[in-house]
Amino acid sequence: MNRTFSLDDPGTPEQEWREALRAKALPSLDLSPLRRLVVVSAHPDDETLGVGGLIAQAARADLTVDVVVLTDGAASHPGSPTHSPEALRRIREQEVRHAIELLAPGASVRTLALPDGALADHLDEAVDAVVETIGLDGASTLLLSPWHLDRHPDHEAAAQACALASTRTDAHHLGYPVWAWHWSSVDEFPWESAVSVALREDDQDRKVAALAAHTSQVEPLSDAPGDEVLLPDRVVRHFHRDVEVLLPQAPADDDALDALHGSNSDPWDVESSWYEQRKRAVTLGLLPRRHYGSVLEVGCSIGVLTADLAQRADRVVGIDSSAHAVQAARSRVPANATVHVMDTPHEWPSDRFDLVVLSEVGYFLSPGDWAALLARVEQSLTDDGEVLLCHWLPQPKGWPMNGEVVHTTALEHLCRNGRRVVAQYRDDSVRAEVVGPTPIEP
């Protein structure tokens, strides 16, 4: 399929789309399980074009509505003789804020002002912003972004950023087509996976008004060459319907931690930093028993703590999702320790363990995956088994949970069925607890 298109081409007439939409029995989007709508746009106006009616509908249903605009939109008229990129940036931010106020009064609007046309070079910043916006509300959040097959590089990058954010937050992610209504055809459109949003008349009216608020896009900047209208009427007609359409998004392969280990042999300076050396000493000092039969370390990274644990156990198993980290760990650990690549919590050792170590791993999982991992831990503990938790307290960028949330959630799961906190430590940077039925040996 050709990835390029031009607005100079006539495109698919809107009448064909309307006839197809009337003939299709698309399932309806159900907003009732949701408490929040987060809409991400690559450019100021994508959100209004694609899902302006849904934004109005969600606000009317008392959902919390957040809009995140990733680029500044300053490249919409690169040959303008009257408007500089900086002027366009200011204009387009004002326009999108006005449009969202018309659609959903009181909704939050966050503008990142990343470079228009180069969003793929700023993917980490986009992911961080979307994850921060969703926070811990992912399970009740619908996350919308431009469709990943919309044939615009910024739309593709926005979809990729949101796919990563949804993986890390548990938000449900769908895409809204914008340019596909122009370049695609009724026959090639993926109707089989689409869902629809029927718009009330007042939702349509709000959307039409919001579209008109993007004056720099729907009207010429001036009569001068280079200031022509960007969105001609035949394109805008696609967005004056009484229905909006959403499509599934491609899932993300979140390889950020493996890439980090691949580019840096010791990404957290675990061998040299005093924080890491001191934390390991505290961690080992909290363990109630002098010696353990079997130990599992989840998220073992390059195996420095794994090697220390091997001095206190008959057998240690380390697991990590990063192949680069596991390769480094295998060259470090002694003979009574083995290290494996495992995508936790989906993959898990079949053995039972006297001690499970969860150190600096919880906040690199989504809240749902952290809960699933804790359930795995409970199932794999021996009757008198213990769990050691140790995490950095400040908020990691790009993930929704910090150390406090990780530990609070873990203790709710683990402190039952006779288990309790038997040892603990905290300072301004780190928190550690041991959960188990075993009293500390004198």
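Numbers for residues simply follow the sequence, beginning at 1. Predicted model only: the values in this text are computed from it and were never measured.
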Does the pair [X]/[Y] count as a salt bridge with the N-to-O cut at 4.0 Å?
X	Y	value
R426	E404	yes
D66	R36	yes
E93	R97	yes
E378	R419	no
R22	D242	no
R431	E433	yes

Problem set entry | Aromatic ring pairing F189/W181, orientation class (parallel under 30°, perpendicular over 60°, tilted between) | parallel
Exercise. Which pairs pass side chain to side chain donor-acceptor pair (under 3.5 Å) with one or both residues in residues 51-63, sequence neighbours excluded?
Worked result: R60-D203
Exercise. Can S321 and M342 be said to form a side-chain contact (heavy atoms from CB on, under 4.5 Å), step by step?
Worked result: CA-CA 5 Å; S321 62; M342 286 194 179; over 6 Å; no
Report yes or no: does [X] contribute a side-chain atom to a donor-acceptor pair with the main-chain N or O of [Y] at less than 3.5 Å?
X	Y	result
H324	A259	no
D137	S140	no
D427	V430	yes
Q277	E271	yes
R206	L102	yes

Exercise. Honestly, is R168 close enough over W399, meaning NZ or CZ under 6.0 Å from the six-membered ring centre and within 45° of the axis?
Worked result: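 Verdict for W399: a cation-pi partner in R168.
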Exercise. Are the ring centres of H43 and H152 closer than 6.0 Å?
Worked result: yes
Exercise. Are the aromatic ring centres of H407 and H391 under 6.0 angstrom apart?
Worked result: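 Yes - the distance between ring centres of H407 and H391 falls below the 6.0 Å cut-off.
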For this session: Tell me, with the steps shown, if E125 and H122 meet side-chain contact (heavy atoms from CB on, under 4.5 Å).
Result: CA-CA 6 Å; E125 295 161 79; H122 299 268; 2.8 Å; yes
Exercise. Can E132 and K397 be said to form a salt bridge (Lys or Arg N to Asp or Glu O under 4.0 Å), step by step?
Worked result: CA-CA 8 Å; E132 184 178 357; K397 290 193 69 175; over 6 Å; no
Problem set entry | Residue pair V51, D46: steps toward the side-chain contact (heavy atoms from CB on, under 4.5 Å) verdict | CA-CA 8 Å; V51 286; D46 291 333; over 6 Å; no
